[in-house]
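Beneath this line is the structure, given in structure tokens, with notes to follow.
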Amino acid sequence: MLLSRLADVSGEVAAASARSRKTALLAELFREAEPDDVPIVIPYLAGRLPQGRLGVGWKVLSNRVPPAAESSLTVREVDARLTELGKLSGPGSQAERARLVGELMGAATEGEQRFLFGLITGEVRQGALDAVAVEGLAQATGAVAADVRRAVMLAGSLQTVAQALLADGSAALDRFRLTVGRPVLPMLAQTASSVAEAVGRLGACAVEEKLDGIRVQVHRDGDMVRIHTRTLDDITDRLPEVTSAALELAGERFILDGEVLSFGADGRPRSFQETAGRVGSRVDVAKAAQEVPVSPVFFDALSIDGRDLLDLPFDARHAELARLVPEPMRVRRTLVAGGEDIAEAEGFLAVTLARGHEGVVVKALDAPYSAGRRGAAWLKVKPVHTLDLVVLAAEWGHGRRTGRLSNLHLGARNPDGTFAMLGKTFKGLTDALLTWQTERLQELAVEDDGWVVTVRPELVVEIAYDGLQRSSRYPAGVTLRFARVVRYREDKAAQEADTVETLLAAHPEVRP
DNA sequence: TTCCGACAGTGGGGTCGCAAT
DNA sequence: ATTGCGACCCCACTATCGGAA
């Protein structure tokens, strides 16, 4: 298949607003694909590269190359070239990668270049990713969409399922069962604003500690242990303590879901930054493990002794978990009967926060494990802080925000009346607010370099955030975690905005 | 007819490892 | 030794479509 065909369809998908139309377009193309094209065409149209990482990003791609007049590239040729490119390493590899990218782009027409750019940077922006591709695949093969989706969750890969499905038809879907050693997409949580709201929505539930670390799925089959992240990357080699912990458990075959984090000598959890740095260390793992040891804390069991537990209700899965995993390695929790038990749940949240954790996750006792879904059966509750900050500048947006000022630079007051930038945010803005702030900020503009519009520091905005973290980038030595706009405070003057001093005082645990 | 679940889009900060400077 | 870049952890929120109620 020609790349130009793919690029054209991607463009049509982007232009279509109805999801059903997007699905139909993808299905048509999947039917056209020859068997050898399938493992390439399917991920490409789901906006992903089969190779995963290439070592090529926005920077290399932004070196413009004149496009070819005629399309000649096939998808298989593109795939072969990208595979070669991804293998490069060592001195001179970056220049060689850039050269190969230039060669590829030079062989591509303008439309193909656009498509390749989006594909490689992971920003196809066609309004269709995995979920729509699954629908299209089901439509192309006559399979039931829900069955395809389930197979993809269990295989952890759309591509694998697509190949089997196109080769052998719907019957192939039965082959994708939960298997120890093969990671499945983890179940995710939605956000609730309070424990009362969460318990109100769920009824009988468990309230569990929300630990601020790295999500892991641990598979053990005899002596073999594999550890996977949320995106199913294999990080076994980086976490020897977790492997040991899994081998100590009194079970030969299991899949457990949990969080890995580091505790200090005082027993309190280290900051997310410290845990994430440790888990990210790959070169001298022994040294990293000595300095920042990590522990797994499990909260769910997907499989034990060959029994698939996914469809069991959570209370039954937890009973299995409790039989296998002793308490320090199992998350702390409390059971709540329903709305009349709010005080118990709120007390548990308070204790959890006092112990230094992030918040709680409220989980319905009757819900199955919905692999790969961000369902309403798990609701996370974290305390939210707010500040009144001053807008120092704003950046022009991209995509559907093109032509609007989007990303705000936020400042807190210094003692001398100047402002210290604490970070940026683009979250929480409605279309109406985007329009309003674009106009208002341009009235205050003192400079526009085409990317950042610097403004007079007069506009006050209320910002919600989850906490402070240390920063080497910003002048106060700290930055806000997960900052988002709540509302503008036109009733407030910049001189009434919050100060760096009060911010630091509110988070004594974070010393810049 | 209205409501709501699921998705995609729009980017945030930090850290590590590698290659280039 | 330092810097720039890519990959990958953590993530909030809004708009939209289309099926459920």
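Order of the sequence lines fixes the chain letters, A, B, ..., with proteins taken first and strands second; residue numbering starts at 1 for each chain.
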Quick one: salt bridge (Lys or Arg N to Asp or Glu O under 4.0 Å) pairs with a partner in residues 128-137 of chain A, sequence neighbours left out? A/Arg48-A/Asp130, A/Glu135-A/Arg149
Tabulate atom names and distances for all N/O pairs under 3.5 angstrom spanning the protein and nucleotides 19-21 of chain C.
none

Give a yes/no on whether any side-chain N or O of A/Asn407 is located under 4.0 angstrom from OP1 or OP2 of B/dT10. no
Would you please indicate yes or no on a ring centroid separation below 6.0 angstrom for A/His409 and A/Tyr474? no
Distance check: side-chain N/O of A/Arg230 vs OP1/OP2 of C/dC10, anything under 4.0 Å? yes
Which nucleotide sits closest to the side chain of A/Lys59: C/dC9, C/dC5, B/dG11? C/dC5
Dump every N/O contact between nucleotides 19-21 of chain B and the protein below 3.5 Å, one line per pair.
unit_1, atom_1, unit_2, atom_2, d
B/dA19, OP1, A/Gly90, N, 2.4
B/dA20, OP1, A/Gly92, N, 3.1
B/dA20, OP1, A/Gln94, N, 3.3
B/dA20, OP2, A/Gly92, N, 2.9

Starting from C1' on B/dC7, measure out to CG on A/Leu26 and report it in whole angstrom. 14 Å
Candidate nucleotides C/dA15, C/dA12, B/dT10, ranked by approach to the side chain of A/Arg401 - the nearest: B/dT10
Atom-pair distance (CZ on A/Arg484; C1' on C/dA12), nearest Å: 6 Å
Just to confirm, is there a sub-4.0 Å distance from OP1 or OP2 of B/dG11 to any side-chain nitrogen or oxygen of A/Thr425? no
Could you pull out the protein-nucleic contacts involving nucleotides 14-17 of chain B (nitrogen or oxygen on both sides, under 3.5 Å)?
unit_1, atom_1, unit_2, atom_2, d
B/dG14, OP1, A/Ser471, OG, 2.6
B/dG14, OP2, A/Arg473, NE, 3.2
B/dG14, O3', A/Gln273, NE2, 2.9
B/dC16, O3', A/Gly280, O, 3.3
B/dG17, OP1, A/Arg282, N, 2.6
B/dG17, OP1, A/Val283, N, 2.8

Among B/dT10, B/dC7, C/dC10, the one nearest any side-chain atom of A/Phe482 is C/dC10
Residue pairs meeting salt bridge (Lys or Arg N to Asp or Glu O under 4.0 Å), one or both in residues 502-512 of chain A, sequence neighbours left out, come to none
Choose from C/dC13, C/dC10, C/dC17 the nucleotide whose nearest atom is closest to any side-chain atom of A/Ser17. C/dC17
Shorter than 3.5 Å, N or O on both sides, protein versus nucleotides 1-3 of chain B: list them out with atom names.
none

